[in-house]
Amino acid sequence: LYFAASNGVAWTGSTTLTINGWTGTAGASSTDGSIFIGSSATGLTAGQLAQITFAGFPGTPTLLSAGELVPALQNPILAITGTTNNGSSCVNTAATSQTYTITNTGGTASGVTVVSNNAQFVVSALSSTTIPGSGGTVTYKVTFTPSSSGAQSATITVSSTTTGSNSPTSTPTGNGNALPQGSLSGNTFCSGGTGQLTFTSTSGTGPFTLIINGVTYSGVVSGTPFNTNSNPSVTTNYTLTSITDANSCGLTSGITGASATITVNTPPVITGNLAVSPAFACDGTNSTTFTVNASGTGLTYQWLRGISGVYTSITGATTPNDGATYSGFNSAVLTVANAPLSMNGYTYQCVVTGTCSPVATSNAASFHVLAIPMVTSIVGNSTLCLSTPTNYTATHSGGTGVWSIVNGTGVATIATNGDGSATVSATVPGTVTITYAISGFCGTASKSLPITVDPNAAITSVTGITSP
């Protein structure tokens with residue numbers, strides 16, 4: 001349709017001209033029929049244009065350069081709809097993506113972008129970068145992946161490169177559930193008791209599900225001991241490899257205290273009899289050790305000395321005061337030093353106490369103290385006659401000795417009669433020497449007596465001398 005320019009004609013009244021059925025894009029030539037007012041953009045005054053409307057197009061129409069009357073170019077009017085609550089999710093675990101809609105009630109928007117100011121809220125899947133006007137829509141998604149626990153939020157901004165477009169924003173929220181964390185510990189008990197583990201959480205929401213040594217434990221409450229699936233009979237190590245909390249948040253690495261030990265203490269047990277070394281002590285000289293072979297937890301030792309079945313605790317080097325010197329009386333090895341002969345026949349035993357009861361008491365081991373060998377004298381004649389047997393007696397202690405004879409210029413024989421007694425018979429005149437010698441565990445001793453063999457000699461009693 002063509003009309004003459006009317007800018008020189010005054011329109012009277014306030015009547016509005018409404019044009020129906022116009023198709024096309026506001027601000028551009030119609031795609032199906034056109035209306036021209038004159039041949040330039042000045043064919044109508046501003047007041048006249050204000051009295052014209054196009055059905056379905058807001059605003060005041062405009063004249064194009066060739067005089068075509070078209071609806072006014074509209075700015076995009078964008079709005080965001082969709083839930084702002086992105087729910088809760090475990091730290092570093094993506095929540096379910098939320099879909100948002102951008103609606104354009106204005107003119108066409110081009111170059112549309114959607115930007116988040118928080119990396120925990122990631123924008124994706126924008127369905128188009130162009131949004132038609134007059135109710136056109138596009139969608140996008142936001143995925144919430146918390147990097148820390150607690151309440152989180154972001155500002156999502158929608159922008160368009162179309163001049164005059166608005167830039168609406170949305171503020172999605174979400175909550176980060178902390179990953180569970182904590183330490184495992186074990187108890188200490190005496191054999192026959194019950195082994196328990198305790199999980200102490202430092203983050204996460206209980207109760208917890210734990211995997212320990214490949215076994216799953218459910219309903220674990222922080223700080224509350226729980227029994228192991230199999231009660232340990234010996235000290236056992238445990239490793240925590242997985243924690244899952246009530247929010248289904250899980251942790252399988254970097255566990256603060258992943259290792260624990262349940263310690264099983266055992267009562268004292270003595271194996272075998274006391275070991276005595278050496279088997280004999282010498283009067284007032286060497287040392288004897290008594291050793292107990294005990295096992296168990298936290299062992300302590302107390303040695304006892306017995307006389308005729310009555311026992312006294314050994315508490316010091318000279319306590320009890322029996323002439324010996326004691327050491328190690330609170331250890332596994334007791335040393336008895338410089339014991340006098342009077343202690344021969346004493347007994348010793350050890351009482352072993354541990355962390356767990358009952359106490360254990362060793363057998364009673366006998367203490368043997370031997371006299372040091374001594375030969376005091378040989379009593380007999382220093383002169384004897386041929387073919388006249390003569391008796392000699394050795395005064396001695398500390399063992400049984402052996403008689404011997406060394407012929408010098410004379411010849412004689414010696415025969416042992418018993419402990420310390422012998423008979424000498426001479427066959428050739430001259431000199432002989434007899435010796436009585438003791439050799440034993442505690443040393444050696446001897447005495448010798450020179451004898452003159454004379455057919456007519458007088459008999460004189462003498463005391464022997466010590467051999468070199």
Side-chain angles (χ1 to χ4, degrees), residues 1-84 99-117 123-142 155-171:
L1 300 177
Y2 290 90
F3 297 93
S6 301
N7 54 0
V9 179
W11 289 3
T12 60
S14 58
T15 302
T16 297
L17 171 64
T18 299
I19 301 173
N20 296 304
W22 190 91
T23 59
T25 301
S29 295
S30 172
T31 58
D32 186 15
S34 301
I35 300 173
F36 290 88
I37 307 296
S39 58
S40 69
T42 60
L44 292 173
T45 65
Q48 292 170 331
L49 288 171
Q51 290 181 256
I52 302 173
T53 61
F54 282 83
F57 294 90
T60 301
T62 186
L63 289 175
L64 300 180
S65 59
E68 183 178 357
L69 181 67
V70 297
L73 177 66
Q74 299 179 50
N75 294 327
I77 302 174
L78 308 178
I80 304 171
T81 55
T83 180
T84 58
T99 300
Y100 296 83
T101 300
I102 307 172
T103 301
N104 181 11
T105 58
T108 300
S110 301
V112 175
T113 58
V114 183
V115 178
S116 169
N117 71 340
V123 175
S124 64
L126 178 63
S127 60
S128 176
T129 58
T130 300
I131 308 176
S134 302
T137 61
V138 296
T139 60
Y140 66 89
K141 292 183 177 181
V142 172
T155 299
I156 305 296
T157 302
V158 175
S159 301
S160 170
T161 58
T162 300
T163 302
S165 175
N166 66 328
S167 294
T169 60
S170 174
T171 306

Without placing hydrogens or testing angles, list every side-chain donor-acceptor pair under 3.5 Å for residues 59-70, not counting sequence neighbours.
{"residue": "E68", "atom": "OE1", "partner": "S29", "partner atom": "OG", "Å": "2.9"}
{"residue": "E68", "atom": "OE2", "partner": "S30", "partner atom": "N", "Å": "3.0"}
{"residue": "E68", "atom": "OE2", "partner": "S34", "partner atom": "OG", "Å": "3.0"}

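Pairs engaging residues 24-46 under the ring pair (Phe, Tyr, Trp, His ring centres under 6.0 Å) rule: Y2-F36 [sequence neighbours left out].
Rounding to the nearest 0.5 angstrom, the gap separating the CZ atom in F57 from the CD atom in Q74 is 7.5 Å. I19 CD1 to F54 CZ: the interatomic distance, rounded to the nearest 0.5 Å, is 3.5 Å. Between the CG atom of N117 and the OG1 atom of T157 there is a distance of 7.0 Å, given to the nearest 0.5 Å. Atoms OH and OG, from Y140 and S124 in turn, are 11.0 Å apart once rounded to the nearest 0.5 Å. Atom OG1 of T23 is separated from atom CG of D32 by 4.5 Å, given to the nearest 0.5 angstrom.
Side chain of T45 to main chain of Q48: a donor-acceptor pair is present (N/O by atom type, distance under 3.5 Å, no hydrogens or angles). Counting only distance, with no hydrogens or angles, the side chain of Q51 and the backbone of L17 share no donor-acceptor pair below 3.5 Å. Judged purely by atom type and a 3.5 angstrom limit, T162 uses its side chain to pair as donor or acceptor with the backbone of S110. Side chain of S128 to main chain of L126: no donor-acceptor pair is present (N/O by atom type, distance under 3.5 Å, no hydrogens or angles). A donor-acceptor pair under 3.5 Å is absent between the side-chain atoms of S160 and the main chain of A109, judged by distance alone. Judged by distance alone, with hydrogens and angles left aside, the side-chain atoms of N104 form no donor-acceptor pair with the main-chain N or O of G136 at under 3.5 Å. Remark: side-chain polar atoms of N166 are paired, donor with acceptor, to backbone N or O of L78 under 3.5 angstrom.
With sequence neighbours excluded, no residue satisfies side-chain hydrogen bond (donor to acceptor under 3.5 Å, both in side chains) with T169.
Of all non-hydrogen atoms in S116 and I156, the two that sit nearest each other are CB-CD1, 3.4 Å.
With 3.5 Å as the limit, one finds a donor-acceptor pair spanning the side chains of T18 and T53. T42 and S40 are linked by a side-chain donor-acceptor pair at a separation below 3.5 angstrom, with hydrogens and angles left out of the test.
Put simply, the side chain of L44 reaches to within 4.5 Å of the side chain of I52, judged on heavy atoms.
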### Task
Determine, stepwise, if the pair I102 / Y100 fulfils side chain to side chain contact (heavy atoms under 4.5 Å, CB included).
CA-CA 7 Å; I102 307 172; Y100 296 83; over 6 Å; no
